[in-house]
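First up is the structure itself, then whatever we jot down about it.
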Number of protein chains: 8
Amino acid sequence: MENPKVAILMGSTSDAAVMGVAAQVLDDFGVPYEMRVLSAHRTPHETSRYAAEAEERGIQVLIGGAGMAAHLAGALAAHSTLPVLGIPLTGSSLQGLDALLSTAQMPGGIPVATMSLGKAGAKNAGLFAVQILARQDTELNQKFKDYRKKMRQDILNTVLD
Amino acid sequence: MENPKVAILMGSTSDAAVMGVAAQVLDDFGVPYEMRVLSAHRTPHETSRYAAEAEERGIQVLIGGAGMAAHLAGALAAHSTLPVLGIPLTGSSLQGLDALLSTAQMPGGIPVATMSLGKAGAKNAGLFAVQILARQDTELNQKFKDYRKKMRQDILNTVLD
Amino acid sequence: MENPKVAILMGSTSDAAVMGVAAQVLDDFGVPYEMRVLSAHRTPHETSRYAAEAEERGIQVLIGGAGMAAHLAGALAAHSTLPVLGIPLTGSSLQGLDALLSTAQMPGGIPVATMSLGKAGAKNAGLFAVQILARQDTELNQKFKDYRKKMRQDILNTVLD
Amino acid sequence: MENPKVAILMGSTSDAAVMGVAAQVLDDFGVPYEMRVLSAHRTPHETSRYAAEAEERGIQVLIGGAGMAAHLAGALAAHSTLPVLGIPLTGSSLQGLDALLSTAQMPGGIPVATMSLGKAGAKNAGLFAVQILARQDTELNQKFKDYRKKMRQDILNTVLD
Amino acid sequence: MENPKVAILMGSTSDAAVMGVAAQVLDDFGVPYEMRVLSAHRTPHETSRYAAEAEERGIQVLIGGAGMAAHLAGALAAHSTLPVLGIPLTGSSLQGLDALLSTAQMPGGIPVATMSLGKAGAKNAGLFAVQILARQDTELNQKFKDYRKKMRQDILNTVLD
Amino acid sequence: MENPKVAILMGSTSDAAVMGVAAQVLDDFGVPYEMRVLSAHRTPHETSRYAAEAEERGIQVLIGGAGMAAHLAGALAAHSTLPVLGIPLTGSSLQGLDALLSTAQMPGGIPVATMSLGKAGAKNAGLFAVQILARQDTELNQKFKDYRKKMRQDILNTVLD
Amino acid sequence: MENPKVAILMGSTSDAAVMGVAAQVLDDFGVPYEMRVLSAHRTPHETSRYAAEAEERGIQVLIGGAGMAAHLAGALAAHSTLPVLGIPLTGSSLQGLDALLSTAQMPGGIPVATMSLGKAGAKNAGLFAVQILARQDTELNQKFKDYRKKMRQDILNTVLD
Amino acid sequence: MENPKVAILMGSTSDAAVMGVAAQVLDDFGVPYEMRVLSAHRTPHETSRYAAEAEERGIQVLIGGAGMAAHLAGALAAHSTLPVLGIPLTGSSLQGLDALLSTAQMPGGIPVATMSLGKAGAKNAGLFAVQILARQDTELNQKFKDYRKKMRQDILNTVLD
C-alpha cells in the first residue's frame with residue numbers, strides 16, 4: 001500500500017497467519033499498512049534500519065510479533081521513537097509464557113505496549129494502532145466508536161439455544 | 001492541572017508511590033495530567049463514568065495501575081475508546097504474576113497496552129503516553145528524541161571502577 | 001424459566017458448552033435459573049445493570065465464567081451484593097492459569113468464590129449455588145445430601161477389571 | 001460465642017493472625033462464629049467429626065485456611081454438605097501458589113469456594129460468609145449493602161497529595 | 001490377591017490406566033497387592049477406614065494417585081503410619097502442576113513420598129514399594145538389583161541407526 | 001555414630017541447618033545415622049562410591065538434599081538400589097521450584113521419593129526413613145505411632161487467645 | 001566417524017529425532033561427531049567413564065539432551081572439563097519447564113551451557129559447538145560466517161503473499 | 001587490560017556486583033578481559049558495533065548479563081559470530097524467571113549459551129569462557145583441571161560440626 005501508517009513485522013513467514021489478523025483489522029478500518037518479515041536475531045541490521053527509518057517514511061505505529069525469547073518488539077523500540085506494540089506468539093513448548101515475559105518485561109526507558117498472546121493479541125494490536133491514529137483523525141475515531149457499538153450489539157443479539 | 005491530556009488512575013493510595021513515577025515522567029515532558037484513586041471493584045460506577053467522560057474532557061490517554069486480579073485497566077478500556085495503558089503492580093504474594101496476566105490477557109476486541117511490572121512499567125507508561133501524544137505534537141516528539149539521546153549518552157558516560 | 005434463583009453468565013457463546021454443565025446441575029436439583037451471554041469488556045453497561053438488578057428480580061446467586069483476563073465474575077461482584085461464583089475457563093494458550101489468577105486474586109472487600117478450572121468448576125459452581133440456596137430450603141438441603149450419598153455409592157460400586 | 005453460625009478453622013496457631021481477619025469481619029457484622037485449630041493431616045478424625053457435626057450444631061458456613069498442600073478446606077467439604085470457603089495461605093517458599101492450586105482445583109462434585117491468597121482472602125471469606133447468611137436475613141443484607149457503600153465512599157474521599 | 005503387601009488406590013476408574021503401571025511392576029516382581037477406587041473427597045470415610053486398617057491386614061506400603069487438588073495420598077498419610085507414596089496425575093488443564101504441588105508440599109509431620117507425574121511416577125511408585133519391601137526380603141532385593149542391571153544393559157545394547 | 005542405618009547427604013555446608021532437621025528427627029527416634037557433605041557435581045566419584053557402598057555398610061535409606069538443578073538425590077538413586085529420599089532446597093532465586101522439579105521429575109526406572117521444600121521436607125525425610133525402617137522393627141513402629149499421637153494431642157491442646 | 005570432535009549424547013532412543021537435528025548441523029559443517037545413548041540415571045558408570053575419557057579421545061565439546069529431571073548434561077559436566085552444552089527436552093507433561101530448570105540452574109563451579117527447549121535447542125547446540133571449534137579453525141569460522149549470511153539472505157528473500 | 005580475550009557486558013552499573021564475579025574468575029585464571037556497560041535497548045548502535053567488531057579486536061568470547069526482558073546476550077549473538085554466554089539476572093519482581101526465559105529460549109539459528117541465574121551464573125560464565133579458550137591453550141586447560149581438583153578437595157575436607 002502507498003503511504004503506510006502502520007508497519008506489521010514478524011520474524012518468520014510461519015507467523016503470517018497470526019499476524020495477518022492485525023492486518024485484517026487495519027484493512028477493515030481503511031488504515032494503510034505494510035507487512036514485512038524481519039528478524040531481530042537473523043537480520044538485525046535490516047531490522048534496525050527499518051525501525052530507524054520508519055518515522056520519516058510516514059509510519060506512525062510499529063507492530064512486532066515474535067515467539068520464544070521474543071526480542072523483535074524490543075529491538076524496534078530500541079531503534080525508533082515511534083510507539084511499538086508487541087504481540088507475544090505461542091508457538092513454543094512453553095505456550096507463549098516465554099514470549100509474554102520477553103515482550104512485557106522491558107526495562108524502564110524503552111516501552112513496548114504488550115498485547116495478549118497470539119491471535120487475540122494480533123487483533124488487539126490492530127485495534128490499538130487505530131486508537132493511536134484516531135487521536136488525530138476524527139473520522140477514524142468515529143469508525144472505532146461504531147466498531148465498538150457493533151461488537152456490543154453482536155453480543156446482545158446472541159441467542160443461547 | 002488544567003486541561004489534562006493524560007489520566008493516571010489507581011485503585012488505592014497505597015499504589016501512589018509507584019504510579020507517581022508515571023506522573024513524574026509527564027511532568028518532565030510538560031504534559032498536563034490528572035491522577036485519581038478509583039477502583040474497578042469498589043467504585044465501579046465512578047470508574048465507568050470517569051472513563052466514559054474522559055475523551056470529551058480532552059483526555060487522550062488513560063493509564064491504570066492495579067495489582068492482584070488487576071481489572072482497572074480492562075474496566076477503563078471497556079468504558080472508553082481512548083488508548084488505555086495498564087501497569088501490573090507487584091504487591092501480592094505472587095509478586096505480580098497475577099497482575100501481569102490479568103492485565104495482559106485481554107480478550108480480542110478490547111485492547112490494553114500492558115507495560116512492565118511495577119516502577120519500570122509506571123515509567124514506561126508515562127513515556128508511552130508521550131509517544132502517543134507526540135504523533136500530533138512535533139515539539140513533544142523532538143523532546144522525546146532528546147530524552148532518548150540523553151539516556152543513551154548517560155550509559156556511554158558510565159565508568160566502571 | 002420463571003423466577004430464576006441463579007444466573008449463569010458467560011462472555012461468549014463459545015463458553016456455552018462448559019457453562020451448560022452448571023445449568024445441568026441446577027436442572028437436576030430443580031433450581032430455576034437463567035443463562036445469558038454478557039461480557040465484562042464488550043457489554044459493560046448491560047453487565048453492570050444485570051448485576052445491579054439481579055437481587056430485586058429474586059436472583060440469589062450469580063455465576064460468571066470467563067477465560068484469559070477473566071474479569072466477568074469480578075465485574076458482577078463489583079455491581080451486586082449477591083454472592084458471586086467465578087469459573088476460570090481454559091481456552092487460552094496458558095491453559096487457564098491466567099483465568100484462575102484473574103478470578104481468584106480479588107482484592108480485599110469484593111469476594112469472588114472461585115471454583116476449579118473448566119468443566120469441573122462449572123459443575124462445582126452449580127453445586128455450590130445449591131448449597132447456598134439450601135441454607136433456607138430444607139428440601140433442597142436433603143436433595144443435596146442424597147446427591148452426595150449417591151456419588152459416594154457410585155464410587156463404592158466401582159469394579160476394576 | 002453462643003450459637004455460632006460460622007466456623008473458622010486453621011491447621012496451626014501460626015495461621016491465627018491471618019485467619020483473625022475473617023473473624024474481625026464477622027465481629028463487625030455481628031455474626032457469631034467459633035474459631036478452632038484443627039489439621040486435615042495431624043488431627044484428621046477430629047477434623048472429620050467437626051465438619052460432620054457442624055450443621056446440626058447450627059453452623060451454616062465453614063471457613064478453612066491452610067498453606068502448602070492445603071487440604072483443610074477440601075477435607076471439610078468432603079465431610080459436610082455445608083458451603084466451605086477456602087483461604088490459601090502464603091507461608092511456603094512457593095508463596096502460596098501451592099496452596100492456591102491445592103485449594104482451588106477441587107474435583108467435580110465437591111466444591112470449595114476459593115478466596116484470594118492470605119489476608120485479602122481471609123477478609124473476603126468473612127464477607128462471603130455474610131453474603132451467604134444474608135440470603136435469609138434482611139437486616140444482615142442491609143448491613144452488607146451499607147458496608148459496600150462506605151467502602152465506596154472511603155475511596156471517593158481519598159485525597160492524593 | 002491373597003495377603004497383599006501393597007495397596008494401590010486411585011480416586012476414579014479413569015486413573016486405572018496410569019495406576020495399572022504400578023500394578024504391572026509389582027506383578028513383575030511377584031509382590032502381592034490390591035487395587036481400589038477410593039476418593040479422599042467423595043468417599044472420605046471409606047478412605048480413612050481403609051488407610052487405618054491397612055497395616056493390620058498386612059499391607060506395608062500405600063500408593064495413592066490423584067490429579068488436580070490431589071489429596072488422596074495426603075489423606076492416606078493422615079490416617080495411617082505406613083509409608084505412603086503419592087503419584088501426581090496429569091489430567092487437568094494445568095497438566096499436573098496442581099497435582100504435583102498438592103502431593104509434594106505436605107506439612108512437616110506427615111510425609112508423602114512424591115513420585116514423578118503420570119506414568120513415569122506410577123512405574124517408580126511400584127519400584128519404590130519394592131525397594132521398601134526389599135529391606136527385609138533378600139530375594140526381592142536381589143531381584144531389584146537384577147532389574148537394574150537389565151535396565152542398564154538394555155540401554156547399552158541400544159543401536160542408533 | 002556406629003552402624004548408621006540412614007545417610008544424610010548434602011552438597012554444601014550451607015545446607016547443614018536445613019538438613020540437620022532430618023538428623024534431629026532420627027536422633028529423637030534413636031535411629032543411628034551419618035551425615036556427609038558430598039556433591040553430585042563437584043565430587044561425583046566420591047558420591048557414586050558412597051552410594052554404591054552404602055548398602056554393604058548396613059545403611060538402609062539414603063537422604064539427599066540439594067537446591068537449584070538438584071541432582072544429588074538422583075545421583076544417589078543412580079548408584080544404589082537403596083530407597084532414596086530427596087529434599088528440594090530453597091536457596092535459589094526461584095525459591096525452590098527448580099529444585100522441586102529437578103528432584104521430583106525422575107524418569108521411569110529410577111525412583112526418588114521427593115519430600116516438601118526446605119525444612120518441612122527435611123523433617124518429613126527423617127520421619128519417612130523411620131517409617132521404612134519400622135517395617136522390620138516393631139519397637140520403632142510403636143514409637144512412630146506414639147509420635148503421631150502426641151502430634152495430634154499437641155494440636156488438640158492448642159488454645160487460641 | 002573417525003576422530004569425532006563432538007559427542008552427542010541422549011538418555012533414550014526416543015530422543016533421537018530431536019538430537020539428530022544437532023547431528024545434521026555438524027554434518028552440514030563437516031564436523032566429525034559421534035552419537036550415543038547413555039543415561040545419567042540408568043547407565044551412570046558408562047556415562048561417567050564416557051565423559052571422563054572423551055577429552056583424550058580428541059573430543060572437544062560434549063552435548064547432552066534430556067527431559068524431565070534432566071541430569072545428563074550436568075553429569076557430563078561433573079566428569080569432564082570439556083565444555084558441555086545442555087538441551088532441555090520437552091516430552092514431559094510440564095512441557096520442558098522441568099528440563100529447562102534442571103539443565104540451566106547448575107550450581108556455581110560446574111557450568112552447563114543451556115540451549116533452547118527441543119529442536120531449536122538441538123540446532124543451536126550444533127551451531128554453538130561449531131562456534132567453539134571455530135576459535136581454532138579459520139576455515140570453519142568462515143563457513144559459520146557464510147551460514148549466518150545465508151540465513152540472513154533467506155529472510156530478506158521472503159515474500160509474503 | 002591489553003588484548004582482552006573475553007568481553008563482559010551488562011546493561012547497567014547496578015549489575016556490576018554480579019557481573020564482577022565473572023571478571024574475578026577470569027582474573028584468577030589469568031585471562032585478559034574487558035568489562036563494559038552497554039544496553040541492548042538504550043545504546044543499541046553501540047552494542048551492535050561492539051559485538052560486530054569484537055572478533056577482529058581479538059576477543060574470543062562474549063558474556064552478556066541482563067535482567068527482565070533480557071535481550072543483551074541475544075543482541076550480541078545477532079551481531080557477532082563469536083560464542084555468546086548469557087547470564088539471566090534476578091533483579092525483577094519475577095525473580096529472574098523472565099530473564100531466564102528471555103535468555104534461554106533463543107530461536108533456532110542464533111545460539112546463546114545460558115548460565116544459571118545470578119551470581120552462580122556469572123561464576124559459571126567465567127569458567128565456561130575459560131573452558132572454550134582452553135581448547136587451544138594447554139596451559140589454561142591444565143589450570144582448569146587443577147581448579148576442579150581443588151574444588152573437589154575443598155568439599156572432601158569439609159567437616160560438619
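Here is how names work: the chains are called A, B, and so on, in the same order as the sequence lines, proteins then strands, and each is numbered from 1.
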TODO: Select one option (side chain, backbone, both, neither) describing which atoms of Ala129(F) are under 4.5 Å from chain E's heavy atoms.
DONE: neither
TODO: Would you mind checking which part of Pro83(F) comes under 4.5 Å of any heavy atom in chain E, side chain (CB onward), backbone (N, CA, C, O), both or neither?
DONE: both
Open item on the list: Restricting to non-hydrogen atoms, name the atom on Ala113(E) and the atom on Ala113(F) that form the minimum distance, rounded to 0.1 Å.
Closed with: CB-CB, 3.4 Å
Open item on the list: So for Ala77(F), is it side chain, backbone, both, or neither that comes closer than 4.5 Å to the heavy atoms of chain E?
Closed with: backbone
TODO: Against chain E, label Met151(F) side chain, backbone, both or neither, depending on which of its atoms sit under 4.5 Å from a heavy atom there.
DONE: side chain
Open item on the list: Would the distance check show the side chain of Thr81(F) and the main-chain N or O of Lys145(E) forming a donor-acceptor pair, the cut-off being under 3.5 Å?
Closed with: no
Open item on the list: If we define contacts as heavy-atom pairs under 4.5 Å, which of Leu100(F), Val112(F), Ile110(F), Ile132(F) has the most with chain E?
Closed with: Ile110(F)
Task: Contact origin within Val21(E) toward chain F - heavy atom pairs under 4.5 Å - done: neither
Task: Options Gly109(F), Pro88(F), Gly86(F), Ala104(F), ranked by heavy-atom pairs under 4.5 Å with chain E, top entry - done: Gly109(F)
Task: Selection from Lys123(F), Arg135(F), Gln136(F) maximising heavy-atom pairs under 4.5 Å formed with chain E - done: Arg135(F)
TODO: Check whether Val25(F) gets within reach of chain E through its side chain, its backbone, both or neither, counting any heavy atom under 4.5 Å.
DONE: neither
Open item on the list: Looking at chain E, which one of Val130(F), Asn141(F), Leu133(F), Leu85(F) has the largest number of heavy-atom pairs inside 4.5 Å, strictly under?
Closed with: Asn141(F)
Open item on the list: Between Met115(E), Arg148(E), Arg152(E), who has the most heavy-atom pairs with chain F when the cutoff is under 4.5 Å?
Closed with: Arg148(E)
Open item on the list: Keeping Gln105(F) on the side-chain end and Ser116(E) on the backbone end, is there a donor-acceptor pair under 3.5 Å?
Closed with: no
